[in-house]
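Here is the naming used below: chain letters follow the sequence lines, and residue numbers restart at 1 for every chain.
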Amino acid sequence: MNIAEIEMGLKAIAEQGFDKNEFPFQFIGCFDTPKATTTKLKGKMNKAKGENELLWAKKLYFKPSPQGAAAQTVDAMNEEGLVNTHAPRFLLSTDGEEFTAYDRNKDDHFHGTFSKLNDSFDFFLGLANIERYEAVEETIADIRAAGRLAKLYDAILANNSDWYNDEHAHTLNLFMTRLLFCLFAEDTGIFEQDLFSKSLNDYTDIEGRDVGPFLEQIFEIMDTPPNERGDIPAHINRFPFVNGGLFKDHVKIPKFGKLPRRILIEAGRLNWREINPDIFGSMIQAVVEPEMRGDLGMHYTSVPNIMKVLHPLFLLDLEKQFSDSQDSPNKLEKLHQRLSKIRVFDPACGSGNFLIIAYRELRKLEMRIYKRLQELTGELGWKWSEVKLTNFYGIEYADFASETAKLSLWIAEYQMNKQFADIFGDAPPALPLKESGNIKHGNALRVNWEEVCPPAKDDIETYIVGNPPYLGSTFQSKEQKEDLELLFKPLTKSYKNLDYVAGWYLKAVYYNQKRRYGAAFVATNSICQGEQVNMLWQHVYARQFEISFAHQSFKWKNNASKNAGVTCVIVGICPKNAIIGDKILFTAGVAKKVKNIGPYLLEMSDVIVGKEGSSLTGLPKMSWGNKATDNGNLILSPDERASILEKSPEAVEFIKRYYGSQEFIKGIERYCIWIADNKVEEAKSIPELNKRIQAVHDFRAASKAPQTRDYAVHSHRFRQIQGYGVDAVFVPRISSEKRPYMPVGFMSEDDIINDQAYAIYGAEPFVFALISSKLHYVWVKTVCGQMETRIRYSNTMGYNTFPIPFLSDDDKKILEELAWEIIEAREEHPGKTIADLYDPKKMPENLLKAHKKLDMVLETMYVGEPFKNDTVRLEHLFKMYAKMTKKKAG
DNA sequence: TATCCGACATTCT
DNA sequence: AGAATGTCGGATA
């Protein structure tokens, strides 16, 4: 049951009106309550005393109210002894016009009118074991700091045009990191207040020419212990000794000028105490790495997204243990011991933001433990913190990231010590810096993870987290392809279409095979869609791992000025039987406890639907449209067509109407040049066509793909011709997921269908009806791939696997009739495009009716009655699929 | 032959 | 400028 279905159920109750006797049962029926429970609640399980009341322990207490007294009734209910005994979460009362509800867990009221009962759906989600989930937001300070740094970086580069190269990138990154440390140190008490920006202001000239030498001096002095400093000016000597290697290398300093100096001094005025080290670390990283130059922070993971990984993976469980330990110093000590040993390992750590956030969360919890212990025992029985930076491990491909990550971890440590001092009155000294996290520079898919984060003796909790790079097979470099080959080739033949990120999942499975702990990554949603589901998840399941929690598709977002265009998921995996707590499935703002999370990230079993070369149920062959690969030269807009025909009217025999997804859905008019092999010479005699044929040749000859190059010699025709010259059922390859049905159509024998669509050439119309059904729609939406979250139709995965019952000739006749009814319903709206007709908000009544009639009739053919909702549809289809494939295998 | 994908691409509002 | 929604050709089988 999903949220939309809950909302629809409540709407139905509201429309039907208040029925004193049935209402409470109708109401709980909307929240996925099993039938057996409802039956029991009609008997002894109902703990309420009065007539027409319902009291379901831990869940719901309902009473009808006198006219206009819903709120008072709920208040009175809350005072009853029954509420204490049976602890219902929700109290609800209505007079049929108004209703009041109260959530005892959240101390939250809802007042509404009965006719709009459905507006309250998310208030009651707890009844369906779904919890509202609130993400952590980012602070303004981070955004400002990142902006200033980018500005400073640009100004410095503008002043040092010879620094735009790899050799200087490293130097500049180190330089920026040092400046950052200074800006931070002077705001946080590591230095004297404002020491850095004041010195810069007072001891360098306004033109900025001597900023470089000045910085060189202070960097050197910060690497020199007090006893080795000798005779130096007092204003330089005020800078303290900073250990930890940050200022160890003496490298070239860029030229400054008036503008960069001013930007740097202005940057000093920001309050750097407030910033999150994860954000600016990533910013510098992205700005400085040459291969990421166009990237500008596109790929750093926002704090809310990091929390989406860390929270369900282990923070939630720690939190639970903490609340269970509230009154016992012993239990608190135990929790403290557990927490101080936890290791966090990010094998794609970048500048370390996952590690930083994890460190901070552990420190925060530790302080709460100390606080509670202090309250219980009245003593301060500890020395500083037991959470050590050395428990944080990382691997990063980019050369300099490890330094940035280490710096950021120091800053995080400093910030937490500061908080510690605010609460407990004292903190350890900030300088000199101590050892930081274990960050290794290397290729995470080749490095032995056990060498970076060694297996711990007594099986210490080690959690693997991160946001590894995503790259589909088309975009992987040779090295990256080899990375995947080394990992997957020993297991399988079919891995080459896997996304690069899949490598991290497999490595995490190997690393944790003998351990009891989980891993979770942010990944592209492709790994849980279409063909990759089979390629990746079968290997995970085969090694006795399962999905322990997941976030369904969400659009990538962070504070960078330009965001990466990708839709992500977060998938947590864990060895079977080692999963702590509940499996939780997160969907846009809500969290739901579930029995199992399938590889499509739905509440279902671990079924994988593989590709099929032909229909499992004997449906007619569905093939592809025709693929041009022509750089646009064989395709004509109406204007281009007109201008050709004006000059050479005889070209008309070589021009056909051309249909892909868009042309069909939006009614766009396009044409293509279509020349039979025996008419090539004739066509070439038309100059306009000849020019285009030549252009196709040149384009194909220059292609990287051998198949395309081979077709350069046949430049008068499409690279792949799959079928034409017969009437066909037409299915767009990509279409919006917001429409209530797949938009399907018929094409005539004169039309050319392109590779943005599938075609069943010469098919019987009952197939049109099958594809137009809700059943097919939910199947395709689930098992096919997607373009982000669009529907990406597939013959091998969606059509050939689609389970249907035996259909008699009479059944097919009936379906054919219904297909024509849909076509006729569309034709009653001339001038409207398919997009208009299938607009979820504006779908015409008659068309909707025709579709619903088809669904009703077809579903009756499946199970004798229509299905209740999409969840039931899907369950049934998967059941049929399992049976079908078993039969085939056996 | 055949087909799946896009740390996207382009259009719409 | 954010929301809506599908191109096109390389890579792979």
Q.
Taking Gly785(A)'s backbone N and O only, do any of them form a donor-acceptor pair with Gln529(A)'s side chain (distance below 3.5 Å, no angle check)?
A.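 Between the backbone of Gly785(A) and the side chain of Gln529(A) there is no qualifying donor-acceptor contact (under 3.5 Å).
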Q) Does NZ belonging to Lys832(A) count more than 12 external heavy atoms closer than 6.0 Å? A)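 Result for NZ/Lys832(A): open.
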Q.
Can you tell me if Lys489(A) has over 12 outside heavy atoms packed within less than 6.0 Å of its NZ?
A.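 Incorrect, the count does not exceed 12.
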Q) Taking the same atom, P, in dA7(B) and in dT3(B), what whole-Å distance lies between them? A)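 Straight-line distance between the two P atoms is 23 Å.
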Q | Distance between C1' atoms of dA9(B) and dC5(B) (Å, rounded) | A |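 Comparing C1' positions in dA9(B) and dC5(B) gives a spacing of 14 Å.
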**Q.** Step-by-step side chain to side chain donor-acceptor pair (under 3.5 Å) determination, Arg700(A) to Ser715(A)
**A.** CA-CA 8 Å; Arg700(A) 287 190 188 155; Ser715(A) 51; 5.8 Å; no
Q: Answer yes if the ring centres of His851(A) and Tyr838(A) are under 6.0 angstrom apart, and no otherwise.
A: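 They qualify: ring centres under 6.0 Å apart.
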Q) Do Tyr505(A) and Phe521(A) have ring centres separated by under 6.0 Å? A)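 Yes, the ring of Tyr505(A) comes within the 6.0 Å limit of the ring of Phe521(A), centre to centre.
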(Q) Once you apply a heavy-atom cut-off of 4.0 Å, does Pro732(A) come out as touching a base, just sugar-phosphate, or nothing? (A)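 Answer is nothing: Pro732(A) stays at 4.0 Å or more from every strand.
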Q: Have a look at Tyr758(A) and say if it touches a base, only the backbone sugar-phosphate, or nothing, with a 4.0 Å heavy-atom cut-off.
A: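 Touches sugar-phosphate only.
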[X] [atom1] - [N] [atom2] separation (whole Å):
X: Asp839(A); N: dA4(C); atom1: CG; atom2: C1'; value: 11 Å
X: Lys555(A); N: dT5(C); atom1: NZ; atom2: P; value: 13 Å
X: Ile753(A); N: dA2(B); atom1: CD1; atom2: P; value: 15 Å
X: Met797(A); N: dA2(B); atom1: CE; atom2: C1'; value: 13 Å
X: Met742(A); N: dT5(C); atom1: CE; atom2: P; value: 14 Å
X: Asn800(A); N: dA2(B); atom1: CG; atom2: P; value: 13 Å
X: Gln722(A); N: dT3(B); atom1: CD; atom2: P; value: 7 Å
X: Lys841(A); N: dC12(B); atom1: NZ; atom2: C1'; value: 13 Å

(Q) Strictly below 4.0 Å, N to O, side chains only: are Glu640(A) and Arg692(A) in salt-bridge contact? (A)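 Salt bridge: yes.
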Q | Pair Arg641(A) + Glu669(A): basic N to acidic O under 4.0 Å | A |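 Here Arg641(A) does not pair with Glu669(A) in a salt bridge, since their nearest N and O are not under 4.0 Å apart.
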Q | Presence of Gln532(A) side-chain N/O under 4.0 Å of dC4(B) phosphate oxygens OP1/OP2 | A |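 No, outside the criterion.
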(Q) Looking at Asn795(A), I'd like to know whether one of its side-chain N or O atoms comes within less than 4.0 Å of OP1 or OP2 on dT3(B). (A)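 For dT3(B), OP1/OP2 do have a side-chain N/O of Asn795(A) under 4.0 Å.
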**Q.** cation_pi(Arg657(A), Tyr671(A)) dist<6.0 Å, angle<=45
**A.**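 Verdict for Tyr671(A): a cation-pi partner in Arg657(A).
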Q: Tell me whether the guanidinium CZ or amine NZ of Lys308(A) lies under 6.0 angstrom from the six-membered ring centre of Phe554(A) and within 45° of its axis.
A: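 Satisfied, under 6.0 Å and within 45°.
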**Q.** Runs of at least three consecutive pairs that involve DNA chain C, where pairs are Watson-Crick or G-U with distances under 3.5 Å
**A.**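 The stems that DNA chain C takes part in, listed by first number, are B:1-6 with C:8-13, B:8-13 with C:1-6.
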Q. Once each nucleotide of nucleotides 6-13 of chain C is scored for protein heavy atoms under 4.0 Å, what B/S/- sequence comes out, 5' to 3'?
A. BBBBBBBS
Q.
Tell me whether the side-chain N or O atoms of Asn525(A) pair up with the base of dA7(B) as donor and acceptor below 3.5 Å, since no angle test is needed here.
A.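 Side chain to base: no pair below 3.5 Å.
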